[in-house]
There are 2 protein chains.
Amino acid sequence: MFSQSEENYIKTIYHLAAISDKGISTNSIAKKLNTKASSVTDMIKKLSDKEVVVYKKYQGVTLTDFGKKTAANIIRKHRLWEVFLVEKLDFSWDEVHEVAEQLEHIKSPKLIDELDSFLGYPKRDPHGDPIPDKEGNLPQIQKSLLATLEKNEKGVCVGVNDTSSEFLRFLDKQEIGLGQDIEVLDKEPFDDSYLVKINGKEMTISNKVANNIYIQKN
Amino acid sequence: MFSQSEENYIKTIYHLAAISDKGISTNSIAKKLNTKASSVTDMIKKLSDKEVVVYKKYQGVTLTDFGKKTAANIIRKHRLWEVFLVEKLDFSWDEVHEVAEQLEHIKSPKLIDELDSFLGYPKRDPHGDPIPDKEGNLPQIQKSLLATLEKNEKGVCVGVNDTSSEFLRFLDKQEIGLGQDIEVLDKEPFDDSYLVKINGKEMTISNKVANNIYIQKN
DNA sequence: AATAATTTTTAGGCTTATCTAAAAATTATT
DNA sequence: AATAATTTTTAGATAAGCCTAAAAATTATT
């Protein structure tokens with residue numbers, strides 16, 4: 001059984017490993033967790049003793065298979081709770097993160113499986129991210145950044161990269177959401193902005209925005 | 001904002017105060033929380049600094065109004081989560097306590113009110129205990145122990161005193177539950193047991209059991 | 001390759017919440 | 001009332017998780 005703090009480290013290492021494929025540096029963990037490198041070193045030693053990570057001084061850490069499974073389980077809980085909050089308690093997608101951060105640490109053999117069943121075994125969380133199954137398998141969904149679309153290519157919005165409430169509220173304001181059809185009508189070389197049609201509505205979106213929306217090409 | 005540990009002390013003092021009406025002793029808190037008297041003294045000092053309790057050395061503690069409101073809020077969360085677990089996630093009434101102990105510490109301005117609404121503003125938890133409202137008001141329900149019924153008196157089962165899973169599972173086995181009609185057919189002086197009719201079924205129950213079932217006379 | 005810059009680790013402290021053991025105060029008993 | 005028993009508090013430790021500052025190792029730059 002892991003403490004909340006340990007779980008937060010495990011989850012963070014998992015997320016960082018998903019982008020970097022090298023050993024995860026002490027500093028990057030510290031940055032993500034808003035803590036100090038020295039605290040990370042301490043915790044890493046503990047997680048290494050518990051065989052959650054492989055650690056060699058000055059070389060960053062890697063999750064063991066056990067560590068990966070543990071991480072997937074925490075993420076499963078986090079995302080299922082997010083679905084619950086949005087579907088059942090009328091939270092909007094920019095409000096769920098903070099609460100799910102707390103709920104993901106609840107320990108109960110029965111709770112999560114019942115919640116999963118209650119929610120109808122959802123495959124994605126409110127931001128389009130896949131929900132790991134009981135065994136910790138996370139179906140890797142094929143998705144691309146909207147920014148990779150060429151002129152006249154089309155796709156469906158399937159996720160977001162930035163999940164900050166600022167960005168999510170911005171998307172709400174623009175009426176951009178999951179499941180919507182997106183077509184790139186033109187790309188503007190001057191500022192790398194995009195002229196797009198989203199759900200039938202024409203609009204211009206910045207390069208930054210285009211780099212934070214995931215689509216599935218069609 | 002209080003730590004989980006502080007919240008547990010506050011809740012415990014509240015529950016003890018509900019039975020004893022005198023100042024709550026250090027030892028009684030220690031016993032309930034499975035901790036040592038010295039730890040209780042430490043925590044009491046802290047809660048006193050935070051104006052949650054009134055404390056004079058060697059004289060036990062009393063909750064302030066602020067403390068009572070805080071306690072009611074924790075209990076509100078605990079009981080609403082219990083309703084959720086039973087009504088929505090198919091937990092039985094003997095399985096909910098442990099998980100609710102964890103869930104009651106989740107901090108979110110929005111979560112509990114939405115949960116309350118989602119559950120249809122329940123008035124009682126699965127054990128028949130009243131759920132405090134937002135303001136911390138706890139409707140005091142008029143109830144008596146089954147043991148106080150005389151021969152030929154009738155009532156409805158509205159709660160339990162002992163909420164241990166052993167007792168609750170025993171009640172399930174006997175098919176005794178909330179809302180059921182109970183009539184005392186006879187009292188046996190030899191062992192102070194009761195011959196009762198519960199939901200149309202005649203049975204004998206021990207004095208101990210009769211002292212752990214709450215009824216409303218009718 | 002030597003030096004500079006950066007990253008990581010170590011050393012030593014702090015806070016929270018716990019503990020044991022001993023001292024102090026209160027309550028009960030003779 | 002004096003002594004015994006009990007309760008409560010104090011004193012001093014411990015563990016988890018964090019911190020700052022300094023040392024050590026690694027990486028980058030000249």
Parallel, tilted or perpendicular: which describes the rings of A/F84 and B/F118, with under 30° parallel and over 60° perpendicular? perpendicular
Among A/D113, A/D125, A/D129, find the residue that satisfies the salt bridge (charged side-chain N to carboxylate O under 4.0 Å, His left out) test when tested with A/R76. A/D113
If I take atom CD in residue A/Q59 and atom P in nucleotide D/dT27, what distance separates them, rounded to the nearest angstrom? 8 Å
Tell me, what's DNA chain D's dot-bracket, Watson-Crick or G-U with both distances under 3.5 Å, | for other-strand, [ ] crossing? ||||||||||||||||||||||||||||||
In whole Å, what is the span from the CG atom of A/D42 to the P atom of C/dT10? 9 Å
Name the one of B/R79, B/K11, B/K77 that satisfies salt bridge (charged side-chain N to carboxylate O under 4.0 Å, His left out) with B/E101? B/K11
With distance as the sole criterion, is a donor-acceptor pair present between the side chains of B/S164 and B/D162 under 3.5 Å? yes
For B/E51, is the CD atom crowded, meaning more than 12 foreign heavy atoms sit under 6.0 Å from it? no
Once you round it to whole Å, what is the distance between P of C/dT7 and NZ of A/K36? 14 Å
Give the rounded distance in Å between these two atoms: CG of A/N27 and P of D/dA24. 19 Å
Measure CD/B/E6 against C1'/C/dT16 and give the value in whole Å, please. 9 Å
Just to be sure I understand the rule, does B/S38 reach a base, reach only the sugar-phosphate, or reach nothing, if contact means heavy atoms closer than 4.0 Å? base
Touch class at under 4.0 angstrom, heavy-atom based, for B/T26 against every strand present: sugar-phosphate
Are B/Y55 and D/dT8 close enough that a side-chain N or O sits under 4.0 Å from OP1 or OP2? no
Mind calculating the distance between NZ (B/K56) and C1' (D/dT9) to the nearest angstrom? 17 Å
Is any side-chain nitrogen or oxygen of A/Y9 closer than 4.0 Å to OP1 or OP2 of D/dC18? yes
From the options C/dA24, C/dC19, D/dA25, select the nucleotide whose nearest atom is closest to the side chain of B/Y58. C/dA24
Minimum-distance nucleotide (side-chain atoms of B/S39 versus C/dT18, D/dC18, D/dT9): C/dT18
Nearest to the side chain of B/T35, which nucleotide is it out of C/dC19, D/dT8, D/dT10? C/dC19
Whole angstrom value for the distance that separates C1' of D/dA15 from CG of A/D49: 15 Å
What nucleic acid atoms does B/T41 come within less than 4.0 Å of, heavy atoms only: base, sugar-phosphate, or nothing? base
Trace of the salt bridge (charged side-chain N to carboxylate O under 4.0 Å, His left out) decision for A/E150 with A/K187: CA-CA 8 Å; A/E150 296 304 322; A/K187 294 167 84 166; 3.7 Å; yes
Which heavy atom of B/Y194 sits nearest a heavy atom of B/L146, and at what distance? CE2-O, 4.4 Å
Below the 4.0 Å mark, does D/dT7 have OP1 or OP2 next to a side-chain nitrogen or oxygen of B/K57? no
Can you tell me if A/K31 has over 12 outside heavy atoms packed within less than 6.0 Å of its NZ? no
Whole angstrom is fine here: how far is it from CE in A/M43 over to C1' in C/dT9? 16 Å
Between B/K45 and D/dT10, is there a side-chain N or O to OP1/OP2 distance below 4.0 Å? yes
